[in-house]
Amino acid sequence: KSFHLQDLHTKQEVNFECNCWLTLKREDKELVKEFPAVTEDQKTLPVYKYVVSVHTGDRWGAETFANVYLTLYGKRGDTGVRKLHTSLTKGRKFQRNKVDSFLVEAVSLGHLQKVVIGHDGEGYGAGMYLKMVTVKESQDSDKEWVFPLWNWLDTHLGLCETVCEIVTV
């Protein structure tokens, strides 16, 4: 329902109103949630459901069965590492020449500056060819950021890394 934090040095309290489940089996199927701090002296920032679209490239072996993680960075901070587990797109995630979209709920980050995306390397041929990541502020928003990569997230191809940082264009 809610939780409260107190700074041990200043004794200032910050309250968080939650009223939600943290489970993959109900409502929005999320284990990680962000809540704006509610204080008496500051205006509460809005919470957005960012639409993160991962564009897998059209190369042989571009798909992955590995767990894919992402962090969004904006002028006001970042989301922390989020696993992209429930795609809005039907079918298997991260397949060749496919776009998978995910909702990432976070307190407003302001103008997005970069994303860090990667995978855990699990499974045979875990590498993935990533064209780009696009992010919309919400499903109804026209505000969109594009993070192009056009490279491999693989230990043996392209960047020879399974995680990379991409800045917006």
Common cluster, [X]/[Y], ILVMFWY with side-chain heavy-atom separation under 4.5 Å:
X	Y	answer
V115	V167	no
V68	V81	no
I166	V54	yes
F102	V99	no

Nearest 0.5 Å please: distance from the [atom1] atom of [X] over to the [atom2] atom of [Y].
X	Y	atom1	atom2	result
F147	Q113	CZ	CD	9.0 Å
L130	T56	CG	OG1	6.5 Å
T134	H55	OG1	NE2	3.0 Å
R82	Y69	CZ	OH	13.5 Å
R96	D58	CZ	CG	4.5 Å
H119	D154	NE2	CG	6.0 Å

Of E122, M128, R92, the one forming a side-chain contact (heavy atoms from CB on, under 4.5 Å) with F65 is R92

Quick one: does [X]'s side chain get under 4.5 Å of [Y]'s, heavy atoms only?
X	Y	answer
Y73	E165	no
K98	T89	yes
Y50	L109	yes
T168	L112	no
N67	H85	no

Margin query: Any side-chain to backbone donor/acceptor pair from D100 onto F94? Under 3.5 Å, distance only.
Written below: yes

Q95 side chain to K93 main-chain N or O, any donor-acceptor pair under 3.5 Å? yes

Show the nearest heavy-atom pair for residues [X] and [Y], with the distance to one decimal.
X	Y	result
R76	S108	NH1-OG, 2.5 Å
S141	K143	OG-N, 2.9 Å
W150	M132	CZ2-CE, 4.1 Å
V135	L72	CG2-CD2, 3.9 Å
L159	C164	CD1-CB, 3.9 Å
S101	V51	CB-CG1, 4.2 Å

Does atom CD of Q139 have more than 12 heavy-atom neighbours, drawn from other residues, nucleotides or ligands, at distances under 6.0 Å? no

Item to complete: Report, as yes or no, whether the 6.0 Å neighbourhood of atom NE2 on H111 holds more than 12 heavy atoms from other residues, nucleotides or ligands.
Response: yes

Query - Worked check of side-chain contact (heavy atoms from CB on, under 4.5 Å) between L149 and V133 - result: CA-CA 8 Å; L149 183 63; V133 176; over 6 Å; no

- Decide yes or no on side chain to side chain donor-acceptor pair (under 3.5 Å) for T79 and T71, but give the supporting numbers first. CA-CA 6 Å; T79 60; T71 304; 4.9 Å; no

